[in-house]
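One structure is given below, encoded as C-alpha cells.
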Amino acid sequence: MTGAGVAVLTVLVALLLGTGFLLGRRTAARPLRPSDVGTPVEHATFETLHTASLAAPPLRAGLTEESARRSARRLRSLLGTDALCLTDREHVLVWDGAGHHHGKDVMGHIEELLEGGRGTAFDSGCADLDCPLRWAVAVPLTVENRVLGALVAYAPRESAVLARAAGEVARWVCVQLELAELGRSRTQLIEAEIKALRAQISPHFIFNSLAAIASFVRTDPEQARELLLEFADFTRYSFRRHGEFTTLADELHSIDQYLALVRARFGKRLSVTLQVAPEVLPVALPFLCLQPLVENAVKHGLEGASTPPRERPADTPFRITISALDAGSEAEVVIEDNGGGMDPDRLRRILRGEATTSTGIGLLNVDERLRQVYGDGYGLVIETGIGAGMKITLRLPKYRAGVHGS
C-alpha cells in the first residue's frame, strides 16, 4: 500500500473512531426513549397510545369548539387520513387537514346520522379535480344514547379499513365525552350537597344570632359591632359561590366565627378548646366539611339534646374540643363534645342514609363527600353513646391530586 493510501486509511479510521465516540457520548448523555428500542410493531403501538393520551385531556371538557380544535389533529393522526372534522348537532366545530371547502357541505351529509344515530359513508361530490377528498365516513358521537355530534373522516377513495378505524376512534372519543359528563354530574352533585348543607344553617340560628347582636347594641355597642362583622364574614364564607375545596385554615376560621356567635348567646354555658398545628393549616379539604359537624354538636348539645349527659352537674359547661394535628402524610382532625351523645344503632342508620333528620343530613353528607374525594378509607370515624358525648375523627391527606384549596 502506498504512503498516500496509508494516510487516507488512517484518516478514515480516525473519523470512524471519532464518530463512534461522539455517538457513545450522546447515547450516554440522554436516557433511552421508547422509540429507541423494540420492534416496529411495539414502536407503532407506543406512538398510537401516546397520541391518544394527548388527545384525551381536551375531550374531557366535553364536545366544544375549543376541545375539538385541540384534539382534531391528533385524532386525524390516529386515523392517518387526509382530513377530519368534528361536529355537534348544529355545525362543524373544527376541520383539520386538506379540503376546507368541504366543511360547508358536511352537515347536509350527516342529517340522518344525527337523527338516527347510525354511521354513514358518502361520496364527497367534489368538482375540484385537484382535491384529494373523494369519499368520507361519518360516525356518531353518543353519550347515554344521545347523539352529541359526529366524527367525519375523508379519504381519496372508499376504504373499509378507514371505516372500521373511524368507528373505533369515535367510540374512544365517546368514552372521553362520557367521562366529561360524569365530571359535570359529580360537580352538580357536590353543588347539590353543599346547598343541602347551606340549608342546614337554619333560619333559627340566623334569627338567634341577630337577636344576640341586637341585645348588645345598647349595652355594649363595640361588642355588637364585632359580632355583626363575625356574622357577615361567617355568612359570606358559607354562601360563597366558587370553589369545591377550601383550606383547613379557612374552615377553622369560619368555625371560630360561628362559635363566637354561639358564645354571644350562651355565655359561660359554652366552653371551646382549639388545638391546631400550624403546619396543617394549608391542607385542602372539601368545602363546608367541618362546620356542619361543629354545628351539629352545638345544636344537640346546647340547644336541646334529647338525652341529658350522664352524671353531669347542671352548671357544668358544654365543652367542644377541636384539634387539627400533624399525622405524617395526613392531618388528623378531631371534634369532641360532652353532650348527650347518640344511640350507636341510630348513628349507623344515619350513615347508611336511612335517617332524614338534620343531624343525618350533616353527618351523612360530610361522610359521603370525604369518601368520594379521598376514597372509602377516609370517612368519618364516630365514637358515641347515649349520655356519653360524641367524638368525630377524620383524616385528610396533605396532598391529593385535584384537591386544591381556593
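Computed from a predicted model, the values in this text were never measured in an experiment.
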Ignoring hydrogens, what is the shortest heavy-atom contact between [X] and [Y]? Give both atom names and the distance.
{"X": "Cys174", "Y": "Val143", "result": "O-CG2, 4.2 Å"}
{"X": "His109", "Y": "Thr120", "result": "O-CG2, 4.3 Å"}
{"X": "Asp256", "Y": "Arg263", "result": "OD1-NH2, 4.0 Å"}
{"X": "Gly328", "Y": "Lys398", "result": "O-NZ, 2.8 Å"}
{"X": "Asn296", "Y": "Met390", "result": "ND2-SD, 4.4 Å"}
{"X": "Ala297", "Y": "Asp337", "result": "CB-OD2, 3.5 Å"}

Working to the nearest 0.5 Å, report the span between [atom1] of [X] and [atom2] of [Y].
{"X": "Thr321", "Y": "Asn338", "atom1": "OG1", "atom2": "CG", "answer": "8.0 Å"}
{"X": "Asp123", "Y": "Glu158", "atom1": "CG", "atom2": "CD", "answer": "7.5 Å"}
{"X": "Arg319", "Y": "Thr273", "atom1": "CZ", "atom2": "OG1", "answer": "8.0 Å"}
{"X": "Ile322", "Y": "Ile335", "atom1": "CD1", "atom2": "CD1", "answer": "5.5 Å"}
{"X": "Glu330", "Y": "Tyr399", "atom1": "CD", "atom2": "OH", "answer": "15.5 Å"}
{"X": "Gln176", "Y": "Ser67", "atom1": "CD", "atom2": "OG", "answer": "11.5 Å"}

Could you check whether atom [atom1] of [X] has more than 12 heavy atoms from other residues, nucleotides or ligands sitting under 6.0 Å from it?
{"X": "Glu112", "atom1": "CD", "result": "no"}
{"X": "Arg134", "atom1": "CZ", "result": "yes"}
{"X": "Arg118", "atom1": "CZ", "result": "no"}

request  = Go through the steps for Leu285 and Tyr374 under the test side chain to side chain contact (heavy atoms under 4.5 Å, CB included), then give the verdict.
outcome  = CA-CA 10 Å; Leu285 72 163; Tyr374 301 117; 4.1 Å; yes
request  = Show the numbers, then the answer: is there a side chain to side chain contact (heavy atoms under 4.5 Å, CB included) between Trp172 and Leu59?
outcome  = CA-CA 10 Å; Trp172 178 83; Leu59 294 169; 3.9 Å; yes
So, do [X] and [Y] sit near enough that their side-chain heavy atoms are less than 4.5 Å apart?
{"X": "Leu281", "Y": "Thr247", "answer": "no"}
{"X": "Met342", "Y": "Ile382", "answer": "no"}
{"X": "Leu86", "Y": "Val173", "answer": "no"}
{"X": "Leu293", "Y": "Leu380", "answer": "yes"}
{"X": "Cys126", "Y": "Leu133", "answer": "no"}
{"X": "Arg395", "Y": "Tyr378", "answer": "yes"}
{"X": "Phe287", "Y": "Ser254", "answer": "no"}
{"X": "His91", "Y": "Glu65", "answer": "yes"}

query = Between Val334 and Leu325, is a side chain to side chain contact (heavy atoms under 4.5 Å, CB included) present by the stated rule, with each step listed?
reply = CA-CA 9 Å; Val334 179; Leu325 304 178; over 6 Å; no
query = Parallel under 30°, tilted from 30 to 60°, perpendicular over 60°: which one fits the rings of Tyr154 and His102?
reply = tilted
query = Can you say whether the rings of Trp95 and His100 are parallel (under 30°), tilted (30 to 60°) or perpendicular (over 60°)?
reply = tilted
message = Using modelled atom types and a 3.5 Å cut-off, is there a donor and acceptor pairing between side-chain atoms of Arg89 and backbone atoms of Val147?
response =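 At least one qualifying donor-acceptor pair exists.
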message = Check whether Glu251 reaches the backbone of Gln291 with its side chain - one donor and one acceptor, N or O, closer than 3.5 Å.
response = yes
key: Audit row: Ser209, Glu230, side chain to side chain contact (heavy atoms under 4.5 Å, CB included) steps and yes/no   = CA-CA 10 Å; Ser209 296; Glu230 298 281 13; over 6 Å; no
inquiry  = Does this structure show an ion pair linking Arg371 with Asp367, if we count only N-O contacts that are shorter than 4.0 Å?
reply    =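 Here Arg371 pairs with Asp367 in a salt bridge, since their nearest N and O are under 4.0 Å apart.
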